[in-house]
Amino acid sequence: MAVNDVRLYGQIMEEPRFYLRRNETLPHKCVLSVKTLSRFNNSSDKSRIVYDEVILMTENPDMIQYARRNLQINDIVYIKGILCTADTTRKLICSECGSEFTELGYTCYVHPIHIVLIESQVSDDQGYVLLRQNAEVSNEVILDGRVCTEIAYYEERRVANYKLAVKRPFHILEDSADKKADFPVVNTYFDQAESAWKYACKGTRMNVKGSIRVRAVERKVCCPECGCM
């Protein structure tokens, strides 16, 4: 049985975004940005708190209708969903030679199955209190799948990372019929990282319990025409 389970207790960071197709009056897609707090960041010192901004996307009409009627910026919500990944293509223009080229990328988001409004229009301070009180369940992910890349281990930091192939528990209507798995990147730390490096390899089945971590990463891109970074 496929296991892909996400539970979020978070605060909506901006007004829900709705997207319409040309010549249509009802939105076909909704995107929500929700800030969460994992138990690892559950500190009494607010200056040390690191939030994770989780993106939710859905084309489910009932979910879109619920968001339009009930959800606003600063609301506290509880969400059940699954973790999804998708390949992306970005168009770039070289600043040196002016050549246009594409770069392949990767995005990760949550497909919501169930959303409940907990509190409306909560201030940032009160939101912090509620997220801290619920840090144990604010950002929780359980995945079961097979390692599908070589495990990279960084001994000086005791960090390992790899991709996990996770079967979808059901078909998402907005995706193609052949999309049957997702491939999230998993980072593990300290003793767990060392164990993964020593005892796991491609094809190893793993059951992972953790949280969604979101960080900005600067990537250097090389122009295929002139070679400039």
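- Taking the ring axis of Tyr19 as reference, the NZ or CZ atom of Lys29 stays within 45° of it and closer than 6.0 Å to the ring centre.
- Few gaps surround NZ on Lys179; more than 12 heavy atoms of other groups in view lie less than 6.0 Å from it.
- The shortest non-hydrogen separation linking Glu14 to Ser33 is OE2-OG, 3.8 Å.
- The same ILVMFWY cluster, assembled from side-chain heavy atoms under 4.5 Å apart, contains both Leu56 and Leu71.
- Contact between Lys209 and Glu140 at its shortest, heavy atoms only, is CE-OE2, 2.9 Å.
- Side chains of Asn60 and Thr58: no donor on one and acceptor on the other come within 3.5 Å.
- The shortest non-hydrogen separation linking Ile76 to Leu131 is CD1-CD1, 3.9 Å.
- Under the ring-ring contact (aromatic ring centres under 6.0 Å, His included) criterion, Tyr153 pairs with Trp197, sequence neighbours left out.
- The minimum heavy-atom distance linking Asp144 with Val166 is given by the pair O-CG1, 3.6 Å.
- Taking the side chain to side chain donor-acceptor pair (under 3.5 Å) definition, one finds that Tyr154 meets it with nothing, sequence neighbours left out.
- Within a 6.0 Å sphere centred on CD of Gln121, other residues, nucleotides and ligands contribute more than 12 heavy atoms.
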Stepwise, does the side chain to side chain donor-acceptor pair (under 3.5 Å) test hold for Asp178 with Ser176? CA-CA 5 Å; Asp178 59 353; Ser176 60; 2.5 Å; yes
